[in-house]
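Worksheet: one structure, shown below.
All chains are named by letter (A, B, ...) in the order of the sequence lines, taking the proteins before the strands, and each is independently numbered beginning at 1.
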Amino acid sequence: MNREEAIKVEDLTVAYGEKPVLWDVDLTVPSGVLMAIIGPNGAGKTTLIKAVLNLVNTAAGRVLIYGEPYSKQRRIVGYVPQRGSVDWDFPTSVKDVVMMGRYGALGWIRRPGKKEADMALAALEKVGMSRFAERQISQLSGGQQQRVFLARALVQDAQVYLMDEPFQGVDATTERAIVTLLQELRAAGKTVVVVHHDLQTVPEYFDWTALLNVRLIASGPVSEVFTEENLRLTYGGRVSFLRHGERNGAPEDEKRTGERGF
Amino acid sequence: MDFPQIFSDLFLDYTLRTVALGSAVIGIVSGALGSYAVLRKQSLLGDAMSHAALPGIALAFLLTGSKMPLVLIIGAALAGWIATLLIISIVNSTRVKYDTALGMVLSVFFGFGLVLLTIIQKRPDATQAGLDKFLFGQAAALLERDVVTMGILGASAILITMLLWKEFKLLSFDPDFASTLGFPVRVLDVLLTTLIVIAIVLGLQTVGVVLMSAMIVAPAASARQWTDNLGVMIVLSSLFGALAGISGAVLSASVTRLPTGPTIVVCVSAIVIFSMLLAPRRGILWRFFRERRQRGRLRLEGILEDLYSLALEHKDPEHAHSLSVLRLMSAGKGGVERSLEILSERGLVRAVSPGEWALTRAGIEEAERAQGERGGGQDER
C-alpha cells in the first residue's frame, strides 16, 4: 500500500446506456495536492467524482483511497456536491444542514447533540457564515449556499475532499474565500479534488490538474500538464488558450478565456 | 344539524366514536408520512399507489372470499407495491419519463380494478356487497377492531420515522450525500416508500382509493406554509390531517349516504385554501400586503426625493413647489396628493400655500438618507 496515493483510479469505465461517459481512466492523485479536474461539458468530470464516491454504477475499473477500497475509507472522504443538486426550499436551518456532515460518524438512530452543534458553528465560522446559523436555507444567496455545503464537508473532518464545481455561480468575494479555504486544507495536509470550469484561474488556484474528455488526456503538476497542446487535445479545436508565460501580459496574442462556467 | 348533539355523540355513540378515532388515525399517519412524500416531490406517487390498490383489494377478495379489512389491506398494499416497482422499472429501463410512467400505471391498475369490481358485483352470491365502498370510502363501516389494527400499524409507522428521524431527513434533502456517508440509500428509500404505502392503505376503507392521495398531499402542503422547520411541519401536518379526517368522517356519518372520501377532501381543501391565503411569509395575502406596503414606501420616498432634487436646483432646500410639478415628475402614478398628506403627517413636508409644498428639515434629512441608502441615487450636483 502506497501512503502517497490519496486516490488511485484504475481502468475506470462508466456508461449511460450505450454511450461511454468515462473511458478507461487511470488517474493517480498524490496525497496533499489541490487538484482541478477540467474538461468541456459532457467530459465526465462530475461522473468521475461520483464514480470515486460509488454514486454511479461503473462498467469496469476500481477506485482506491489510500490503498483501500472506498467502502472501507468513506469516513476519510468528504463530498461537496453541486449546489443545484438539492432543493434549497427544504424546511431546515443552516446549522442543521452543516450538522448533516456528522451523521455518518454518529451512525444509526443517534441524533446530533451539543458536540455536533458546536462543530457546525465552528465550521460556519471558518466559511464566514456564523451569523447565518439559524437562518432558513431558502433565504441564502448562491454563494452562501456554497459556503454552507463547504462547512458541511468541513465537519466531516476528512482527509480527502471531492468538490463538484464549488465556484459555480458565486460572487468574486465568495470565490476568494473558497480558494483561501481550499489552500488552508492543502496546508493542513488534506487532498482536495475540485471540478473546475474556469481555465484562467487554474494556474493561480491549483498545483495539480487532470484534463478530462471521456478519456483522461493528462494529469500531473499544473506547471507540466497545463499546456496549450493538452488543452487542445481536451477541448478540441474549439478553445485556444493563452500559453503559460503570457498570463502576465505578453500581448502578442489576444487574450482569450477558456470555457467558463455560467 | 345539532352540533352539541354531535359533540356528545363523539364520546358516547359507538359508531361515531369509532369513525372519529379511525379518521384521526388516518389523518395523523398520512399527514406525517405525506410530509416526506411532498418534500421528496413524490406527491403523485401517492396518487398512483392508492389507485393501484383497487385491483389488489378485488383480487384479495376473489382469492380468499374474505372481506376482513386486514386481508383486503394486504391485497391493497401488495398491489400498490407492485405498481411502484413497475413505475421505477419503466423509468429505469425505457425512455418513458416519470410522470408518463406514473399516469400509465395508475390508469391501467385502476381500470383493471374497476373491471374486477364489476365482475365481483355480477356474482350471484350476496357476499360481494360493499366492496365498491372502497372507491369513495365509507366511514360508517369502520369497526372497533379495524381502528385497533389501524392504530397499531400507524403507530409503528410513526415510531419508525421517529427512530430514523435524521436518516429520513438526510434522505429527503440530499440522498447522494447520505450515500457517501455510508447510509444504504436504497434500503431507506424502500423503507420510507413502504411507510407511505402503509399510510395510504390505512385510509382506503374510510377515504377510498380515488381521493386518498389528497390525505397524503394536502395536510403536508398546508403545514409547509406555516413553518420552516421539518419537525414542526410534520406535527402540524398530522394535526391538519386529523382535523380534516375527524370533521369529514363525522359529517359523512351524520348525513345518510354521504361518501366519506369526498367529505374529508372538502374539509382538507378548506385547510389548504386557508393556509395558502393566510400563512405568514408564504401566504398569498401576506405577500400581497407586503408588496403593497413596499410599493407605498417607495412612492413616499420617491416624492420626497423629487422634492429634494427640485429644492437643490433652487439652492434653497426648503423652497416650495407646486403640486402639478410633482404630479408631472411621478409620471402618471396617482396618489401624489395623498402621499404628500401622509408625509406631512410625519412632519417631513409642509404645505406652504394651497398646492405648494416644501420639505421640512426632517424631510431633507430623510431624503438624503434615502438617497444614500440607494448608493447615491442621481448624479451629484
Side-chain angles (χ1 to χ4, degrees), chain A residues 16-17 46 49-50 52-57 70-83 85-94 96-97 99-113 116 134-139 148-149 152-153 155-156 158 160-162 164, chain B residues 32 34-43 91-95 159-188 191 220-237 275 279-282:
Chain A
Y16 294 148
T46 295
I49 280 194
K50 288 195 167 180
V52 171
L53 294 163
N54 204 14
L55 289 174
V56 293
N57 290 325
Y70 169 72
S71 55
K72 286 191 182 166
Q73 300 280 56
R74 40 173 111 245
R75 272 305 128 66
I76 63 163
V77 181
Y79 175 42
V80 178
Q82 280 186 23
R83 185 159 57 78
S85 66
V86 302
D87 174 13
W88 288 93
D89 197 32
F90 196 84
T92 192
S93 71
V94 165
D96 270 1
V97 170
M99 282 197 293
M100 287 177 184
R102 297 306 302 166
Y103 282 11
L106 277 170
W108 288 91
I109 297 172
R110 268 182 63 203
R111 306 267 182 99
E116 284 71 28
E134 303 300 330
R135 191 72 69 91
Q136 212 278 322
I137 58 171
S138 65
Q139 296 168 16
V148 171
F149 263 8
R152 184 178 71 171
V155 300
Q156 288 186 270
V160 178
Y161 284 99
L162 300 170
D164 201 346
Chain B
S35 300
Y36 289 105
V38 166
L39 289 175
R40 300 178 73 207
K41 314 210 173 352
Q42 288 184 335
S43 312
V91 172
N92 286 344
S93 58
T94 68
R95 303 181 76 101
L159 187 71
I160 293 175
T161 58
M162 277 160 64
L163 280 177
L164 296 178
W165 174 258
K166 82 171 189 302
E167 285 79 7
F168 282 160
K169 181 176 183 174
L170 184 57
L171 175 76
S172 306
F173 178 62
D174 195 347
D176 272 1
F177 191 70
S179 167
T180 69
L181 294 181
F183 291 105
V185 168
R186 289 241 171 90
V187 176
L188 284 171
L191 185 60
S222 308
R224 181 70 188 90
Q225 290 288 105
W226 297 94
T227 176
D228 279 333
N229 177 297
L230 181 62
V232 178
M233 174 179 167
I234 288 177
V235 171
L236 259 185
S237 177
S275 306
R281 287 204 302 282
R282 287 176 169 257

- Please flag which part of A:I137 lies under 4.5 Å from any non-hydrogen atom of chain B: side chain, backbone, both or neither. side chain

- Message: For a quick test of reading the model, state the closest non-hydrogen atom pair linking A:P112 to B:K166 and the distance between them.
- Response: CD-CD, 4.0 Å

- Item | Distance (rounded to the nearest 0.5 Å) between A:R111 CZ and B:K169 NZ | 9.5 Å

- Under the 3.5 angstrom rule, does the side chain of A:R75 hit a backbone N or O of B:G182 as a donor-acceptor pair? no

- Message: So A:P91 and B:T227, do their side chains get closer than 4.5 Å, heavy atoms only?
- Response: no

- Who pairs with B:R281 by salt bridge (Lys or Arg N to Asp or Glu O under 4.0 Å), at least two apart in sequence or on another chain? B:D228

- Considering only heavy atoms, which portion of B:R282 lies under 4.5 Å from any heavy atom of chain A: side chain, backbone, both, or neither? side chain

- Measure the shortest side-chain to side-chain distance between B:L230 and A:T92 over non-hydrogen atoms and say whether it is less than 4.5 angstrom. no

- Task: Identify which part of B:K41 has an atom lying under 4.5 Å from any heavy atom of chain A, answering side chain, backbone, both or neither.
- Result: side chain

- Who are the side-chain hydrogen bond (donor to acceptor under 3.5 Å, both in side chains) partners of A:Q136, not counting sequence neighbours? A:S138

- Message: Heavy-atom cut-off 4.5 Å, strictly under: side chain, backbone, both or neither for B:L164 against chain A?
- Response: side chain

- Item | Separation between CG of A:L106 and CD of B:E167, rounded to the nearest 0.5 Å | 9.0 Å

- Task: Heavy atoms only, distances under 4.5 angstrom: which of A:N54, A:D89, A:D87 has the most pairs with chain B? Name it, please.
- Result: A:D89

- Message: Check this for me: A:N57, atom CG, are more than 12 non-hydrogen atoms of other residues, nucleotides or ligands nearer than 6.0 Å?
- Response: no

- Smallest separation among heavy atoms of A:W108 and B:P184, with atom names: CZ2-CD, 3.3 Å

- Can you tell me how far CG of B:D174 sits from CZ of A:R152, rounded to the nearest 0.5 angstrom? 4.5 Å

- Using 30° and 60° as the class limits, which term best fits the ring planes of B:F177 and A:Y79: parallel, tilted or perpendicular? parallel

- Which bit of B:N229 is near chain A, if near means a heavy-atom gap under 4.5 Å: side chain, backbone, both or neither? backbone

- Query: Using non-hydrogen atoms only, which part of A:V80 is less than 4.5 Å away from chain B: side chain, backbone, both, or neither?
  - Reply: neither

- Indicate yes or no: at least one non-hydrogen side-chain atom of A:M100 is less than 4.5 angstrom from one of B:L181. no

- Nearest heavy-atom pair of B:D176 and A:L55: which atoms, and what distance? O-CD2, 3.6 Å

- Message: Given heavy-atom pairs under 4.5 angstrom as the criterion, report whether the side chain, backbone, both or neither of B:I234 touches chain A.
- Response: neither

